[in-house]
Colleague: 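Have a look at this one before I ask anything.
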Amino acid sequence: MGLNLKDVALREKTSLESFNTRVVAIDAYNALYQFLSTIRGSDGMPLADLEGNTTSHLSGLMYRNASFLSMGIKPVWVFDGRSPSLKAAEIERRRQTKMDAAIKYEKAIADGDQEAARKYAQQVTSLKDGMVDQSKELLDLFGIPHIQAPSEGEATAARLTITGQAWAAASQDYDSILFGARRLVRNFTNNGRRKVPNRNFYVTVEPELILLERVLEGAGLSREQLVDMGIMIGTDFNPSGFYGIGPKKALKLIKKHGRLEDIPQVQEKLESTPYEEIRRIFLEPDVADVDEIRFGSVDHEGIIRYMTEHDFSPNRVGQALARMRKALEKKSQTLERWF
DNA sequence: CGGAAGCA
DNA sequence: TGCTTCCGG
């Protein structure tokens with residue numbers, strides 16, 4: 001879910017083109033959830049093979065990676081491992097939200113309310129183990145590396161930006177910067193304006209870059225203080241945060257007093273919050289040790305075979321790959337002209 | 001979501 | 001040619 005750091009996180013517009021040749025560590029769960037909830041047919045249900053197994057994640061992954069490679073972007077997909085036990089409450093909260101959504105979905109269907117049905121269907125989305133395995137198989141066929149994080153994927157992605165193995169981490173959640181990601185890209189996708197289904201308006205999604213150093217400088221905080229601020233607002237590890245304290249007040253308090261222990265207003269809350277443990281999760285996270293990130297070659301035939309097994313049209317898949325190959329040829333030609 | 005068809 | 005709508009599985 002992530003925390004609300006909009007107010008302190010200075011964002012600058014960017015473009016996919018500017019990521020040419022760069023390695024980007026992608027929060028795999030974050031992206032896969034997005035695919036599952038947004039790639040849907042007109043009935044609001046996810047895409048599925050002939051047996052009814054969901055395939056939206058495969059569609060999203062294939063087109064997204066083909067597009068990344070076409071643009072010279074080097075994606076590394078980072079998968080979540082076991083969640084810290086402190087996340088249990090948040091996970092339970094999400095489970096409950098899904099159960100509620102399932103009930104609301106049934107009601108919307110009974111009422112014939114299409115728009116509501118679609119909305120709640122999206123909220124029921126869940127990422128199954130099998131989908132994760134399938135996603136890794138597809139990445140292998142693309143020659144695109146994937147890393148299994150021991151714990152939160154965002155933490156390992158952040159680490160890669162610190163070691164210099166990745167230029168940036170891509171996720172929708174701001175948690176990445178608490179984990180220390182030097183650069184975070186949000187909306188790491190192609191499109192500008194998008195119509196929201198069944199409704200008559202558009203939203204603009206443009207890639208945006210958040211630089212940890214600038215966030216800290218801009219707010220006049222250390223990373224430790226940013227984490228403390230996050231704890232007051234609420235993180236996945238203390239979802240409700242401190243009652244009555246939002247981003248504005250949290251910033252003011254942390255700047256005035258320096259650290260949680262010294263803020264008079266929150267002493268009572270601290271007694272019931274494992275704040276030291278939450279700090280450790282962000283500041284000393286359990287991350288994968290990655291020695292070398294290897295990019296392989298694209299197995300065109302293998303991808304077509306794999307996607308076809310999941311009832312994708314071989315024509316469409318072949319076309320997507322042909323487009324990618326063409327883009328890469330063009331790229332190497334313009335490069336040759338320089339030498 | 002992202003590609004392609006449809007339309008001015 | 002550029003923008004909107006449609007559809008994939």
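First the proteins, then the strands, lettered A, B, ... as listed; each starts at 1.
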Colleague: Give one of base, sugar-phosphate or nothing for A/T189, where a contact means two heavy atoms less than 4.0 Å apart.
Modeller: sugar-phosphate
Colleague: Students often get this wrong, so: under 4.0 angstrom with heavy atoms, is A/R40 touching a base, only sugar-phosphate, or nothing?
Modeller: base
Colleague: Send over the distance from A/Y63 OH to C/dG9 P, rounded to a whole Å.
Modeller: 7 Å
Colleague: After noting the C-alpha distance and the side-chain angles of A/F19 and A/F68, does the key distance pass the ring pair (Phe, Tyr, Trp, His ring centres under 6.0 Å) rule?
Modeller: CA-CA 9 Å; A/F19 286 80; A/F68 283 160; 9.1 Å; no
Colleague: Round to a whole Å and report the spacing from CG of A/N315 to C1' of B/dG3.
Modeller: 14 Å
Colleague: Would you say A/R316 places a side-chain N or O within less than 4.0 Å of OP1 or OP2 belonging to B/dG3?
Modeller: no
Colleague: With hydrophobic residues grouped by side-chain heavy-atom distances under 4.5 Å, do A/I177 and A/V78 end up in a single group?
Modeller: no
Colleague: Which is true for A/T38 with a 4.0 Å heavy-atom rule: it touches a base, it touches only sugar-phosphate, or it touches nothing?
Modeller: base
Colleague: Hydrogens and angles aside, do A/S85 and A/K87 bring a side-chain donor and acceptor to less than 3.5 Å of each other?
Modeller: no
Colleague: Take the protein atom CG of A/N65 and the nucleotide atom P of B/dC1, then report the distance between them rounded to whole Å.
Modeller: 16 Å
Colleague: Look at the rings of A/H146 and A/F79 and say which category their plane angle falls in: under 30° parallel, 30 to 60° tilted, over 60° perpendicular.
Modeller: perpendicular
Colleague: Within the structure shown, what part of the strands sits under 4.0 Å from A/Q319 by heavy-atom distance: base, sugar-phosphate, or nothing?
Modeller: sugar-phosphate
Colleague: Could you state the CG-P distance from A/L32 to B/dG2, rounded to the nearest angstrom?
Modeller: 13 Å
Colleague: With a 4.5 Å limit on heavy-atom distance, are the side chains of A/P274 and A/L86 in contact?
Modeller: yes
Colleague: Do any N or O atoms from the side chain of A/N187 and from the backbone of A/E206 form a donor-acceptor pair under 3.5 angstrom?
Modeller: yes
Colleague: For a quick check of understanding: with a heavy-atom distance under 4.0 Å over all strands, which category does A/S56 fall into, base, sugar-phosphate or nothing?
Modeller: nothing
Colleague: Name the stems that DNA chain C belongs to, where each is three or more consecutive Watson-Crick or G-U pairs with both distances under 3.5 Å?
Modeller: B:1-8 with C:1-8
Colleague: Can you measure A/F68 atom CZ to B/dC1 atom C1' for me and round it to whole angstrom units?
Modeller: 11 Å
Colleague: Let me know the distance between CD of A/E206 and P of B/dC1, rounded to the nearest Å.
Modeller: 13 Å
Colleague: Look at the side chain of A/T55 and decide which nucleotide, out of C/dG8, C/dG9, B/dG2, has an atom nearest to it.
Modeller: C/dG9
Colleague: Starting from P on B/dA4, measure out to CG on A/N190 and report it in whole angstrom.
Modeller: 13 Å
Colleague: Assess the pair A/F282 and A/F237: is the distance between their ring centroids shorter than 6.0 Å?
Modeller: yes
Colleague: How long is the line joining CZ of A/F312 and P of C/dC7, in whole Å?
Modeller: 18 Å
